[in-house]
Amino acid sequence: MRRLTVRLVSLGPDRLARPGADGVTPAGRVRPVLQHLADVAADLEGRGRRPVPELADRALPDQLVVLTSDLLTAAPAADEGSVADVHARLVALRHSL
């Protein structure tokens with residue numbers, strides 16, 4: 001998660017908003033993963049799912065840190081499949097940036 005956060009910070013707001021060859025911005029790649037983190041944490045804690053607020057692109061690293069922290073707090077209730085899925089999504093996101 002740290003490497004991903006550092007990568008997001010290093011991109012800066014301009015690059016986060018710049019579409020790639022496929023037309024998707026890096027921020028557009030990050031937001032669905034953030035929502036997935038929030039959904040998994042909510043499910044593990046028995047809370048209702050809520051949409052993650054869409055803040056400015058420069059806030060994405062902070063949102064990643066907060067949502068990952070929430071998920072790690074709920075992680076003792078997680079099954080191996082959920083943990084593996086979240087890990088795979090974070091790794092894939094880092095590679096896509």
Side-chain angles (χ1 to χ4, degrees):
M1 200 265 318
R2 180 181 171 176
R3 290 173 65 186
L4 178 54
T5 304
V6 169
R7 177 73 176 134
L8 287 173
V9 170
S10 71
L11 288 175
D14 291 338
R15 292 223 19 233
L16 284 168
R18 187 179 315 142
D22 60 359
V24 179
T25 66
R29 294 184 194 288
V30 173
R31 287 193 170 93
V33 174
L34 295 178
Q35 186 63 57
H36 181 72
L37 293 172
D39 291 346
V40 171
D43 292 348
L44 291 172
E45 294 173 346
R47 296 183 286 114
R49 292 180 175 190
R50 295 179 298 174
V52 173
E54 191 168 316
L55 304 177
D57 292 346
R58 67 180 178 276
L60 291 173
D62 293 329
Q63 283 185 301
L64 177 67
V65 169
V66 169
L67 292 170
T68 302
S69 176
D70 289 349
L71 181 57
L72 290 173
T73 300
D79 60 63
E80 286 185 37
S82 294
V83 173
D85 176 60
V86 167
H87 180 263
R89 286 176 192 247
L90 291 172
V91 169
L93 175 60
R94 184 172 53 84
H95 288 261
S96 74
L97 300 174

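Remember, it's a predicted structure, so these values are computed and weren't measured experimentally.
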Between atom CZ of R7 and atom NE2 of H95, what is the distance when rounded to the nearest 0.5 Å? 11.5 Å
Are V86 and V66 co-members of a hydrophobic cluster defined by side-chain heavy atoms under 4.5 Å apart? no
Given the rule in the side-chain contact (heavy atoms from CB on, under 4.5 Å) test, do R31 and D57 qualify, once you have shown the distances and angles that lead to the verdict? CA-CA 10 Å; R31 287 193 170 93; D57 292 346; 2.9 Å; yes
Under a 4.0 Å N-O cut-off, is there an ion pair linking R47 with D70? no
Pairing residues for R58 by the salt bridge (Lys or Arg N to Asp or Glu O under 4.0 Å) criterion, not counting sequence neighbours: none
With D85, which residues qualify under salt bridge (Lys or Arg N to Asp or Glu O under 4.0 Å), at least two apart? R89
Using a 3.5 Å distance criterion without hydrogens, assess whether the side chain of T73 forms a donor-acceptor pair with backbone atoms of S69. yes
If you look at every heavy atom in L67 and A38, which pair is closest and at what distance? CD2-CB, 3.9 Å
Here the pair of heavy atoms bringing G48 nearest to A42 is O-CB, 3.8 Å
Considering only heavy atoms from C-beta outward, does the side chain of T68 approach that of L64 to under 4.5 Å? yes
Heavy-atom side-chain proximity of H36 to L93 below 4.5 angstrom: no
In terms of heavy-atom contacts, L16 and P26 come closest through O-CD, 3.3 Å
Spell out, yes or no, whether V40 and L72 are grouped together once hydrophobic residues are joined by side-chain heavy atoms under 4.5 Å, including indirect joins. no
Do you know which two heavy atoms are closest between Q63 and L34, and how far apart they sit? OE1-CD1, 3.7 Å
In terms of hydrophobic clusters joined by side-chain contacts under 4.5 Å, are L37 and L44 together? yes
L4 and R94: which non-hydrogen atoms are nearest, and at how many Å? CD1-CA, 3.7 Å
Can you measure from CZ (R3) to OG (S10) and round to the nearest 0.5 angstrom? 12.0 Å
Looking at every heavy atom in both A41 and L71, which two are closest together, and how far apart are they? N-CD1, 3.8 Å
